[in-house]
Structure formats: structure tokens, C-alpha cells
Amino acid sequence: MTYDYDLFVIGGGSGGVRAARVVAAKGARVALAESSRMGGTCVIRGCVPKKLMVFASEFAGLADEARAYGWAMDAGGFNWSHFRAMLDRELDRLEGVYRRLLQGSNVTIYDAHARLDGPNAVVLATGQRITARQILIATGGHPQRPDTPGAELGIVSDDIFNLPDLPARILIVGGGYIACEFAGILNGLGASVTQFYRGAEILRGFDDEARRMVAQGMTDRGIDIRTGTEAVAMVRKGAVIHVTASDGSTLEVDQVLFATGRAPNTRGLGLETAGIVTGPSGEIVVDAYSATSVPSVHAVGDVTDRVNLTPVAIREGMAYAETVFGGNPTPIDHDLIPSAVFTQPEFGTVGLSEEAARAQEPIEVYAAAFRPMRTSFAGKEERVLMKLVVSQKTRRVLGCHIVAPQAGEMIQLAGIAIKMGATKEDFDRTMAVHPTMAEELVTMKEPVRRA
Ligand code: NDP
């Protein structure tokens with residue numbers, strides 16, 4: 001049978017675009033359908049605009065520091081309209097870059113929603129039916145709201161970048177990456193931020209000492225974090241949203257942001273037409289090669305709900321290309337993935353938390369919490385954390401956790417050593433770069449505890 005294409009990709013985000021380009025570069029006939037803007041969550045409504053907002057939100061604090069260093073400086077007011085116009089322009093530019101990269105690789109673009117129609121065909125929203133030898137689903141995920149009465153009054157992370165005005169008072173619900181990052185951003189931009197988290201401590205699953213330090217830093221910056229608290233009802237009265245909390249207290253805010261997790265985009269995809277197996281959250285079930293239960297259909301990225309991070313989706317896309325179109329079966333290595341939470345203070349992490357490592361084997365913990373030179377000079381009390389979790393038996397560094405300005409940049413590099421299997425003694429043999437914060441990672445002599 002002849003097909004219209006060798007590969008049809010559904011979804012123009014990080015994973016889909018990368019796979020399409022790499023497969024097309026191997027000489028295959030490739031098409032890609034995207035129903036929204038090219039670039040997907042990361043570029044259009046995630047990592048990229050979020051990080052630009054982090055930058056924007058840091059200037060008030062920097063102006064404070066600058067004054068301490070002798071500069072006559074006042075950050076003045078933040079102009080959201082100006083920033084939004086700049087942001088829109090930048091996202092347009094990036095979307096254009098993604099589009100041109102695909103076109104330059106001879107990938108045919110369909111700006112339409114596509115759904116499966118059996119194992120070797122898709123149907124576009126236009127009604128056009130297209131056949132392909134292989135299909136790759138890379139449709140990503142979407143933010144989820146809880147079923148709190150009145151939850152429709154709130155917004156989700158997708159909406160933040162398009163707000164006409166910044167709220168003066170906002171409630172953020174959730175304690176994960178997105179909730180904590182936006183708490184810092186909106187606080188830095190001048191909003192009064194309250195954060196409700198249902199658990200005992202924000203950033204569940206991360207190293208306890210590190211998450212406690214992040215929470216402290218957020219609180220010190222003025223964020224009102226209320227743990228063990230849920231929003232149980234919301235009503236709008238005029239421009240104000242009245243929120244009732246689970247402890248019976250009430251709160252008046254101008255906006256509520258739900259950052260209560262994300263779910264895979266599998267509805268309306270026609271998966272049932274090909275018999276593709278999904279899991280409890282609707283995620284597409286795949287093996288180590290991103291293969292679904294149907295041989296001609298694979299899936300990468302958040303739609304598979306493995307590790308929902310952009311670089312992981314890209315790697316999965318590349319491994320897919322190599323496996324299915326390169327004749328070289330390449331499993332994806334999801335072990336020891338470094339990542340950063342762009343909270344303020346920033347948090348970088350790789351490997352096991354102290355708690356997870358302790359449950360696995362006997363460990364030593366090396367940690368230094370100290371006031372860094374730059375902000376200490378400016379009279380700030382804030383401390384940074386450099387922490388290594390080490391196996392007593394193999395001496396390998398099992399986890400590294402950094403809470404500090406630029407922690408994301410640091411953990412990328414520490415991640416290489418740890419991925420290579422570095423031991424504590426390898427860290428010790430490495431000469432310090434002085435004066436830096438990260439030098440503490442190679443100068444910690446005695447463990448603070450053994451467990
Ligand atoms: P997370 O899963 O990280 O966090 C969801 C939060 O919402 C948790 O604190 C959870 O509580 C809480 N929650 C879930 N359901 C409810 C509910 N019904 N009522 C109240 N609270 C609820 O999701 P995010 O939305 O923050 O982020 C999604 C994913 O996106 C992340 O897991 C990450 O993979 C990715 N991401 C990565 C970033 C980065 O790398 N810097 C940045 C942003 C996102 P509990 O802990 O009790 O379950």
C-alpha cells in the first residue's frame with residue numbers, strides 16, 4: 001500500500017517538531033498538524049514566556065540591591081502593557097522560527113486539528129483524510145482545574161500571559177512547579193500573593209531541606225503561603241472574587257490562578273479508532289521506545305505522562321526518529337534528569353532527595369547553607385543551599401540540590417558529573433572556582449549527618 005506520507009506528526013510542540021525535523025532530514029516524507037500556534041506549550045504558554053516573566057519580576061529586588069551598592073536607583077512602576085507587547089512580539093518571532101525550521105526541513109505543515117482514523121490515517125478538522133506509514137502523537141497536555149464550586153471564575157497558567165491587566169491581589173492554588181513559580185513572578189511584579197496548598201509543605205517530592213528553604217525564601221519575599229489549606233468555594237461580587245478556605249477563613253482577591261496539575265491531551269484524538277491503550281489519566285501508554293499498543297503509532301512528550309519536561313520530550317522525539325526511521329532502536333534514559341524550578345529563590349535539582357536516598361541505602365549528607373557574597377553585602381539575610389547526598393557504599397553522589405540565584409545553570413553542569421557516576425571524592429579532587437557560590441560543592445569536608 002502507498003501512503004501520502006512516511007510520517008504524520010500530530011502536535012507542533014517541542015517533541016513533535018523535533019521528531020518531524022529529524023525524520024525529514026533522513027529523507028522521509030513528513031507532515032505535521034498543529035491546531036494552535038506552532039511551538040506548543042513550552043514556547044507559547046509555558047517555559048519561554050514564564051522565564052521572561054521571571055526576568056521581568058526580578059528587577060525590583062535588583063534595584064534594592066543596586067542602591068546598597070551605591071547606585072541612586074528606583075525600579076519605579078512595572079508597565080504590564082509594555083511587557084506584554086514585547087512578549088507577544090517575541091513569541092511571534094519564536095513561532096516563526098519553529099515554522100521556518102519545519103519548512104526548511106521539507107515538513108508539510110497543516111494548521112488544523114488532526115485525529116486518528118485507524119492505525120495509518122488521520123482526518124483533519126477540514127475533513128481531509130491523510131494516510132501515513134507511521135503516526136507520531138505529540139499533543140502535550142493542558143492545565144486542570146479542581147471541581148471547587150466557582151472554579152470557573154479562576155484562570156489557569158495558559159491565561160496568565162494574555163491578561164489585560166495584572167491583578168493587584170491574587171490567590172494561587174497548588175504547591176507544584178507552576179504555582180510556586182507564578183507566586184514568585186506575580187509577587188515580584190508587585191501583586192499581593194496568597195498561595196493555598198493542600199499538603200503540609202510545597203513542592204512535594206523534592207528534597208525536604210531544599211523545599212523548606214524555597215518556602216522560607218518565598219515567605220521572606222512577602223508571599224503568604226497557607227499550607228493545609230484548600231479553596232472550598234468561590235463567588236464573584238463585582239470585580240472581586242470572594243474565596244472561602246477550608247479553615248473557614250475568607251479572602252477577597254482580584255484573580256484566582258489554579259495551578260493544580262496538568263492532564264494529557266488525548267480527548268478527541270480518535271485513539272479508539274486504532275485501539276490505542278491509554279492509562280488512568282488518559283495518557284497514552286508507551287514502552288521504552290515510545291511505541292503504543294499499535295505498531296504504526298508512537299507517542300512522545302507530555303501526552304505519555306512520563307517525565308513532563310521539554311528537554312525530555314525533545315529527547316523522546318529524537319530517540320523515536322532513530323528507532324523507527326534510523327534502524328537503530330534507542331530507548332529513552334529517564335534516569336538522573338536535572339531540572340530547575342524557577343521559584344524565587346531558584347531551585348536546581350538532580351537525582352535522589354535525601355529522603356528517597358535514605359530509603360534506598362545508607363547515605364552521607366553534605367550541606368552548606370550560607371549568605372552569599374553579593375546579597376550579604378547588600379544587607380540581605382537570605383541564605384543559599386548547596387547539598388550533596390552520597391552513597392556510603394559506592395561513594396557516588398546520588399543527589400544534588402541547590403537553592404541559589406542561577407541554581408538552574410549550576411545544576412545543569414553538576415548533572416553531567418552525576419550522570420557520569422561521579423563520587424564524592426571526584427567532587428573533592430575538583431579545584432574550587434573562587435569566589436563563587438558553587439565552589440561549596442567541592443569544598444564540603446565533613447558530612448552533616450549519616451543515615
Ligand atoms: P504539579 O503536578 O507539579 O503540581 C500540582 C499541584 O496542585 C500539587 O501541589 C498538587 O498537590 C496540587 N493539586 C492537584 N490537584 C489539586 C486539587 N484538586 N486541589 C488542590 N490542589 C491540587 O503540576 P503543575 O501544574 O505545577 O505542573 C505540571 C508539570 O509541568 C510539572 O509536574 C512539571 O513536570 C512541568 N513543569 C515544569 C517546570 C520546570 O521545569 N521549571 C515549570 C512548570 C511546569 P499535591 O502535591 O498534594 O498532589
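Whatever order the structure lists ligands and atoms in, that order sets their numbers, starting from 1.
- Taking a 6.0 Å sphere around CZ of Arg374, one finds it holds 12 or fewer heavy atoms contributed by other residues, nucleotides or ligands.
- In this structure, Lys50 fails the cation-pi test against Phe342, since its NZ or CZ atom is not both closer than 6.0 Å to the six-membered ring centre and inside 45 degrees of the ring normal.
- Glu90 meets the side-chain hydrogen bond (donor to acceptor under 3.5 Å, both in side chains) test with Arg93; sequence neighbours excluded.
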Are there any protein N or O atoms under 3.5 Å from the N or O atoms of ligand 1? List them with distances, or say none.
| from | atom 1 | to | atom 2 | distance (Å) |
| --- | --- | --- | --- | --- |
| ligand 1 | 7 (O) | Ala259 | O | 3.4 |
| ligand 1 | 9 (O) | Gly175 | N | 2.8 |
| ligand 1 | 9 (O) | Gly176 | N | 3.2 |
| ligand 1 | 11 (O) | Arg198 | NE | 3.2 |
| ligand 1 | 25 (O) | Gly261 | N | 3.2 |
| ligand 1 | 26 (O) | Tyr177 | N | 3.3 |
| ligand 1 | 26 (O) | Ile178 | N | 2.9 |
| ligand 1 | 34 (O) | Asn308 | O | 2.8 |
| ligand 1 | 41 (N) | Glu181 | OE2 | 2.9 |
| ligand 1 | 41 (N) | Ala340 | O | 2.7 |
| ligand 1 | 46 (O) | Tyr197 | OH | 2.6 |
| ligand 1 | 46 (O) | Arg204 | NE | 2.8 |
| ligand 1 | 47 (O) | Tyr197 | OH | 3.3 |
| ligand 1 | 47 (O) | Arg198 | NE | 2.9 |
| ligand 1 | 48 (O) | Arg198 | NH2 | 3.0 |
| ligand 1 | 48 (O) | Arg204 | NH2 | 2.7 |

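- A side chain to side chain donor-acceptor pair (under 3.5 Å) with His142 holds for exactly one of Thr41, Asp158, Asp302, Asn265; it is Asn265.
- Phe196 pairs in a side chain to side chain contact (heavy atoms under 4.5 Å, CB included) with only one of the listed residues (Val256, Leu251, Ile225), which is Leu251.
- Taking all atoms of both residues into account, the shortest heavy-atom contact from Leu136 to Ala19 is CD2-CB, 3.4 Å.
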